[in-house]
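Following: one structure in structure tokens, then a few remarks.
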There are 2 protein chains.
Amino acid sequence: MSFEGQPPAKMRLLRAAAELLANSAGAPVSTRQITQLAGVSAPTLYHHFGDKEGLFDAVVSAGFEEYVAGERDFAPSGQPLEDIRRMWDNHVQFGLNQPELYLVMFGNIRPESRPAIVADAEALMEEMLNKAAAAGQLSVQPREAARSILAANVGVTLMLIAEPVVDRNLDLSTMTRDAMIYAVSSDQAEQNGSGDSGRSSVVVAAIALNAALQASHSDQLSSSELKLFLEWLHRISTSPT
Amino acid sequence: MSFEGQPPAKMRLLRAAAELLANSAGAPVSTRQITQLAGVSAPTLYHHFGDKEGLFDAVVSAGFEEYVAGERDFAPSGQPLEDIRRMWDNHVQFGLNQPELYLVMFGNIRPESRPAIVADAEALMEEMLNKAAAAGQLSVQPREAARSILAANVGVTLMLIAEPVVDRNLDLSTMTRDAMIYAVSSDQAEQNGSGDSGRSSVVVAAIALNAALQASHSDQLSSSELKLFLEWLHRISTSPT
DNA sequence: GCAGTTCATATAGCGTTGCTATAGGTGCTA
DNA sequence: TAGCACCTATAGCAACGCTATATGAACTGC
């Protein structure tokens, strides 16, 4: 997190607050700790930031801008939905790397003090989804999809933060992520991310197709063909992960 | 919120805390306010609840147990997925009715102080999902689905709480809810509401499986089997709507 | 080169917070 | 009635967020 370009005391306050917040492990961070670490007196803090929350907002803004900047640096992959997956994962990683910052941002949001950051995050997500919509891959409004996906993203990240580090399981994130994208995209063949989630997506798709075939009395295959088809389907569905 | 059966001072503390918390509009509630309203002195609070957070936990527990009780009173509709929708809506409504309580429960959860309530909520959701799984309507493990849905549910509720009351739009909740259930359920023709995808679920599933197979290099079928399998898949995928 | 203004920082301390060391009362069982 | 838990109160500590006030430095206009 860099705070260049700020007057020295202001910058040192930001740095001190960020550092203490990052290492506080849930304990509240006091203004006295911050001003002491910054080598500065109390009124300086209030001169620059108004109050404690103002300082924290500034820290969060800086952190979030960095996150957004990193987000934008991704070369678009040409697959908007893939970009959105990467965005989701980045969001989760940001939260897990800086849980205190994240809790300040998304854990304590209230109507009267809603950080503009939430709106920024929504806008960023919407921007990505616009590309997906332009490519005909979206079945709902980009704005609504963005809000929906972001809400789920926040919920998942908070849940993961709340879990003891040892049994944090990112499958929760992957699964929810894909569920949201799946539900929002029109071209569901786009699904299944590259890499390690590929196989389990095959299984899911096979399960879905299996169930769909059972219910639909499709007549595209003869009964003998169908029998063999279902057998293969079963073999795929029960393949080891 | 009822606290019957408690010793008088303890009960009055719980009631006072609940009332102040409900009307605090985001402002922090002090132990002095609570003890004064309860007509009790400070040490009494600490005797019964250990510390402030202990008291808040107790308030939250009582509120949540009431919510759970109401949840269980629903006569099962026979359509598990419909019950889950109702459960989701109830959760959101609970959060919007008691935002302060809700933020204490889900907004500030940390590994070292994770309320057992989250686990309870997960268990409750899982219980419902088990019925769906028994009815063959689930394409993923009930436990994972429960965690995933609950995470999204929490995220949506927090987002709605963060919004000014005037432009709160429950469509965010409905859409995310249906997206999660849609993605988690096996029988996607079962979906109501936005079933406007046009294509039959068989086709969608076949397309999905096709794409998934292309990307995953599955070795569950021999190359000749796979060739025929894909051909059939293609035939299903291109069947007339 | 100097007065006026503005910005940045410091000393000291106010009121409130969460919490506790200590002790007194109350009602039960023996 | 003695003893013993349990519950509650008085008084006060250390830490908190924050501010009234004052001092120094840097720039501005003449």
Side-chain angles (χ1 to χ4, degrees), chain A residues 3-60 62 100-101 103-104 107-108 110 112-113 115, chain B residues 3-61 100-101 103-105 107-110 112-113 115:
Chain A
F3 303 106
E4 271 94 55
Q6 307 276 12
K10 188 171 184 177
M11 189 177 86
R12 263 179 298 142
L13 276 168
L14 281 170
R15 265 205 249 273
E19 180 179 333
L20 289 173
L21 215 46
N23 303 334
S24 68
V29 177
S30 73
T31 57
R32 280 171 172 83
Q33 288 178 270
I34 296 170
T35 53
Q36 185 186 340
L37 179 60
V40 146
S41 285
T44 304
L45 191 162
Y46 295 92
H47 173 70
H48 286 292
F49 300 100
D51 62 354
K52 188 187 183 180
E53 200 181 305
L55 171 58
F56 281 13
D57 281 357
V59 172
V60 159
E100 301 305 322
L101 228 55
L103 285 176
V104 171
N108 255 333
R110 290 191 159 89
E112 66 275 10
S113 72
Chain B
F3 302 106
E4 271 94 57
Q6 307 276 13
K10 188 171 185 177
M11 191 177 85
R12 264 179 298 143
L13 276 169
L14 281 170
R15 267 206 247 271
E19 180 180 333
L20 289 174
L21 215 47
N23 304 334
S24 68
V29 177
S30 73
T31 57
R32 278 171 173 81
Q33 287 177 272
I34 296 171
T35 54
Q36 184 187 340
L37 179 60
V40 146
S41 287
T44 304
L45 190 162
Y46 296 92
H47 171 71
H48 287 293
F49 299 102
D51 61 357
K52 189 187 183 181
E53 199 181 305
L55 171 57
F56 281 15
D57 280 357
V59 172
V60 159
S61 282
E100 301 303 323
L101 227 56
L103 284 175
V104 172
M105 285 171 63
N108 257 331
I109 42 182
R110 291 188 158 89
E112 65 275 11
S113 72

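Heavy atoms only: backbone and side chains are in, while hydrogens, waters and symmetry mates are out.
Counting only residues at least two apart or in different chains, side chain to side chain donor-acceptor pair (under 3.5 Å) contacts with residues 24-33 of chain B comprise B/Ser30-B/Gln33.
Among all heavy-atom pairs drawn from A/Ala58 and A/Leu14, the shortest one is CB-CD2, 3.6 Å. B/Ala17 and B/Val59 make their closest contact through CB-CG2, 3.8 Å (heavy atoms, listed as atom of the first residue, atom of the second, distance). Of all the heavy atoms in B/Gly107 and A/Leu103, the pair that sits closest is O-CD2, 3.8 Å.
Atom-to-atom, CD of A/Gln36 to P of C/dA10 comes out at 13 Å; the value is rounded to the nearest Å. Between B/Phe56 atom CZ and C/dG18 atom C1' there is a gap of 11 Å when expressed in whole angstrom units. When the P atom of D/dT10 is taken as reference, atom NE2 of B/His47 falls 17 Å away, rounded to whole Å. We find that CG of B/Leu55 is positioned 10 Å from P of C/dC19, with the value rounded to whole Å. Following rounding to the nearest Å, B/Arg12 (CZ) and D/dC7 (C1') show an atom-to-atom distance of 12 Å.
Looking at B/Lys10, its side chain never comes within 3.5 Å of a backbone N or O of B/Leu45 through a donor-acceptor pair.
Taking side-chain N and O atoms only, B/His48 has a distance below 4.0 Å to OP1 or OP2 of D/dT8. Between B/Ser41 and D/dA9 there is a side-chain polar atom (N or O) within less than 4.0 angstrom of OP1 or OP2.
Checked against side-chain contact (heavy atoms from CB on, under 4.5 Å), B/Thr44 has the following partners two or more places apart in sequence or in another chain: B/Ala9, B/Leu13, B/Val40, B/His48. Partners of A/Gln36 under the side chain to side chain donor-acceptor pair (under 3.5 Å) rule, at least two apart in sequence or in another chain, do not exist in this structure.
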Collect all protein-nucleotide pairs involving nucleotides 14-21 of chain D in which both atoms are nitrogen or oxygen and the distance is under 3.5 Å.
unit_1, atom_1, unit_2, atom_2, d
D/dC16, OP1, A/Ser30, OG, 3.2
D/dG17, OP1, A/Thr31, N, 3.4
D/dG17, OP1, A/Lys52, NZ, 2.5
D/dG17, OP2, A/Thr31, N, 2.7
D/dG17, OP2, A/Thr31, OG1, 2.7
D/dG17, N7, A/Arg32, NH1, 2.7
D/dG17, O6, A/Arg32, NH2, 2.9
D/dC18, OP2, A/Tyr46, OH, 3.4
D/dC18, OP2, A/Lys52, N, 2.9

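Terminal axes of the helix from C/dG4-D/dC27 to C/dA30-D/dT1 (five pairs each, C1' rotation axis) are separated by 10°, to the nearest 10°.
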Working note: A/Leu101 + A/Phe56, criterion side-chain contact (heavy atoms from CB on, under 4.5 Å); need CA distance, chi angles, decisive distance, verdict.
CA-CA 8 Å; A/Leu101 228 55; A/Phe56 281 13; over 6 Å; no
